[in-house]
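Given the structure is predicted, the values throughout are model-derived calculations rather than measurements. Note that the numbering runs from 1 along the sequence shown for the chain.
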Amino acid sequence: MESPPSSFSTFRSYLRALAQTPSRFAHRAPSVSSSYEELSWVKSRSGSNMHNSLRWYDLIGLGIGGMVGAGVFVTTGRASRLYAGPAILISYAIAGLCALLSAFCYTEFAVHMPVAGGAFSYLRITFGEFAAFLTGANLIMEYVMSNAAVARGFTSYLSAAIGIPTAKWRFTAAALPKGFNEIDLLAVAVVLTVTLIICYSTRESSILNMILTTLHILFIIFVVLMGFWKGDWNNFTRPMNPNSPSGFFPYGPSGVFNGAAMVYFSYIGYDAVSTMAEEVRYPIKDIPIGVTGSVVIVTILYCLMAASMSMLLPYDRIDVEAPFAAAFSGRLEWVSKVIGVGASFGILTSLLVAMLGQARYMCVIGRSSVVPTWFARVHSKTSTPLNASAFLGIFTAAIALFTDLNILLNLMSIGTLFVYYMVANAVIYRRYVVIGTTKPWSILSFLCLLTLTSLLFTLSWHFAPSGSSKSFLLGLCIGLATAITLIFRHTVPQVRKPEFWGVPFMPWLPSISIFMNIFLLGSLDGQSYVRFGFFSGLAVLVYVLYSVHASFDAEAEGLLGVKNGEMIRESSESEEDPNHKV
């Protein structure tokens, strides 16, 4: 049987496809895949397979390496100086709790469906192609922006280590607007070098990460001990400038949550670990230990280092670019240089893991045909997604070349929170809905009501005038959210029980994750939403002009076996998949 003509074969064909966009969108946007399909023929579109060579200790190492460098050494100084003050350690604890709840949601999906697509794949089997693409586009954006931020942070710490001002490594392009006019060639070189490493081998990349991470943890212990030894407990409550707000909470509770929203960027590493699921030897055992274990360990490390930094200097003297190295500058210069070198290597491990993750996201998005399938190819010799790794490495280097760190951090946080919010919704939806069998309206109504209640709480927190009326409104929102979840828990039965590993206390923990992610989203500034809206709008435009037509053609050619509202062989997914090894 002859294949139908492609929507992109001629300009006339493309115009004809554009005229059919509404009907194609209605057909493809809600279309879902099944776990069985994602683990079988969708996975086979990459050609060669990725090697199953990673164990739980590799995942913990990748998680620690992916999170620690980016968090403490890039965001801590800015979040403490501008938002939270000494209470930055509370900000890290709040962000860590939120990340742990999200990690539970990721783990349930990753154990059930060990593929490299992470949140993109999880949403594709629950809410359909369009929701998955919108999330996937934001995931790619968040990884590129975070990696560019980390690369520029590397320049700052290396400068502190060797005693050369950061300005010497960068030059200003007067023709470019402020925030985009400081050219950083060293950041570009670092990104391109890491790109070559991850293209070569995943296993060797993991070994390199394990070595660097071990050294990095020893360095962290050194920094914590030095901070508690040389620090002053009075710095937790007393600023250097008497005109600055004082106390442990100088900017109040809102400052703590604003700081939590910014440092939440630090926890993106565990998300990268979930994208390695396709390369794990025993997913059922190794993924829960690797994902949740790395989040717990890193949260403890973050809180200890934040406390150490707060003891070393009053919050209003903390350097926003390189807080730890600058804290010892002038009194223990050798410690400052050691910190600069150690932090530089920590940032490299963070960059290595995140770039591994972004390439695997793009690879799986390519398998679904919503971006060119060229990105889906796995190289036969290296067993890595070579095309996706090289393309995103070059793209990241271009962003790191000129974009200011503050712009990157604000944009990154909102993308991370949005994705984690979507995955928490997805894990509840999947537990209570079997597509084609269960009516989803009660579950969707619950998720909408919970979101609206969380949004009302967030708006009240930020905009309601202080007083008893505000306290009453906040308490009412918490009571409503609790009542909604309790009623849902006792009136709507679960239709799917995880066979191997599932989020405990369903639906309470994912509901709390939804609530906290929305609250943290409300702590970000308006410009972050403008930039996020711009990138989301751009993603919708790409989907309407290209992706929906490409996936429509792939379905017509028999490359996509999914149909609107159907779930194929759902009951036998895990039993037939050879990757589900105990």
Is the number of heavy atoms from other residues, nucleotides or ligands under 6.0 Å of Tyr546 OH greater than 12? yes

Please report the interatomic distance CG(Leu212) to OG1(Thr349), rounded to the nearest 0.5 Å. 6.5 Å

Parallel, tilted or perpendicular for Phe104 and Trp501, by the 30°/60° rule? tilted

Is it the case that the side chains of Thr451 and Tyr421 hold a donor-acceptor pair, with the cut-off being a distance below 3.5 Å and no angle test? yes

Identified ring-ring contact (aromatic ring centres under 6.0 Å, His included) partner of Tyr361 from the options Phe120, Tyr143, Phe375: Tyr143

So which atom in Ala110 and which in Tyr122 form the shortest heavy-atom distance, rounded to 0.1 Å? CB-OH, 3.5 Å

Arg430 with Glu108: basic N within carboxylate O range, under 4.0 Å: no

Where do Ile394 and Thr195 land on the side-chain contact (heavy atoms from CB on, under 4.5 Å) test, with the steps shown first? CA-CA 8 Å; Ile394 294 171; Thr195 299; over 6 Å; no

Whether Ser31 side chain and Arg28 backbone form a donor-acceptor pair below 3.5 Å: yes

Does the side chain of Met145 reach to within under 4.5 Å of the side chain of Phe535, using non-hydrogen atoms? yes

For Phe418 and Thr135, run side-chain contact (heavy atoms from CB on, under 4.5 Å): C-alpha distance rounded to whole Å, both residues' side-chain angles, the deciding distance at 0.1 Å, then the answer. CA-CA 8 Å; Phe418 172 73; Thr135 302; 4.3 Å; yes

Between Thr396 and Asn147, a side-chain donor and acceptor under 3.5 Å: no

Would you say the side chain of Leu134 lies within less than 4.5 Å of the side chain of Ser536, judging by non-hydrogen atoms? yes

Please report the C-alpha distance between Val191 and Met355 in whole Å, then the side-chain angles of each, then the deciding distance to 0.1 Å, and finally whether the side-chain contact (heavy atoms from CB on, under 4.5 Å) criterion is met. CA-CA 9 Å; Val191 171; Met355 292 187 70; 3.9 Å; yes

Any side-chain to backbone donor/acceptor pair from Arg152 onto Ala400? Under 3.5 Å, distance only. yes

If we ignore hydrogens and angles and just use 3.5 Å, is the side chain of Asn209 paired with the main-chain N or O of Gly61 as donor and acceptor? yes

For Asn387 and Trp374, indicate whether the former's side chain and the latter's backbone hold a donor-acceptor pair under 3.5 Å. yes

Answer yes or no: is there a donor N or O on one side and an acceptor on the other, between the side chain of Ser551 and the main chain of Ser369, under 3.5 Å? no

Can you confirm whether Arg431 sits close enough to Val503 that some side-chain heavy atom of one is under 4.5 Å from a side-chain heavy atom of the other? yes

Sub-4.5 Å side-chain heavy-atom contact between Phe8 and His549: yes

Just do the side-chain contact (heavy atoms from CB on, under 4.5 Å) check on Val280 and Asn52 with the steps written out, would you? CA-CA 5 Å; Val280 175; Asn52 302 113; over 6 Å; no

Looking at every heavy atom in both Ile94 and Met516, which two are closest together, and how far apart are they? O-CE, 3.8 Å

What I'd like to find out is whether the side chain of Val190 reaches to under 4.5 Å of the side chain of Ile347, using heavy atoms alone. no

Does atom OH of Tyr200 have more than 12 heavy-atom neighbours from other groups under 6.0 Å away? no

Classify the ring geometry between Tyr543 and Phe133 as parallel (under 30°), tilted (30 to 60°) or perpendicular (over 60°). tilted

Can you confirm whether more than 12 heavy atoms, excluding those of Phe534, are under 6.0 Å from its CZ atom? no

Arg360-Thr202 side chain donor-acceptor pair, cut-off 3.5 Å: yes

If the plane angle is over 60° it's perpendicular, under 30° parallel, otherwise tilted; pick one for Phe25 and Phe130. perpendicular

Any side-chain heavy atom of Met50 within less than 4.5 Å of one from Pro385? yes

Let me confirm one number: the OG-CG distance from Ser102 to Leu97, rounded to the nearest 0.5 Å. 9.5 Å

Any donor-acceptor pair under 3.5 Å from Ser513 side chain to Leu509 backbone: no

State, yes or no, whether a side-chain contact exists between Tyr282 and Arg55 at a heavy-atom distance under 4.5 Å. yes

Given side chains that start at C-beta, do those of Ser91 and Val256 come closer than 4.5 Å, heavy atoms only? yes

For the student: nearest non-hydrogen atoms of Ala388 and Cys363, plus distance: CB-N, 4.1 Å

Where do Leu352 and Ser205 come nearest, in terms of heavy atoms and distance? CD2-O, 3.6 Å

Rounded at 0.5 Å granularity, tell me how far CD1 in Ile297 sits from CD1 in Ile217. 7.0 Å

Of the non-hydrogen atoms in Ser383 and Val378, which two are nearest, and what is the gap between them? C-CG1, 3.6 Å

Criterion ring pair (Phe, Tyr, Trp, His ring centres under 6.0 Å) on Phe219 and His216, from CA distance to verdict: CA-CA 5 Å; Phe219 151 75; His216 194 203; 5.5 Å; yes

Rounding to 0.5 Å, atoms CZ (Phe109) and CD1 (Ile287) come to a distance of 13.5 Å

Can you tell me how far apart CD1 (Ile125) and CE (Met113) are? Round to the nearest 0.5 Å. 4.0 Å

Between Val263 and Ala95, which heavy-atom pair has the shortest distance, and what is it? CG2-CB, 4.1 Å

Rounded to the nearest 0.5 Å, the OG atom of Ser511 sits from the CG atom of Leu447 at a distance of 7.5 Å

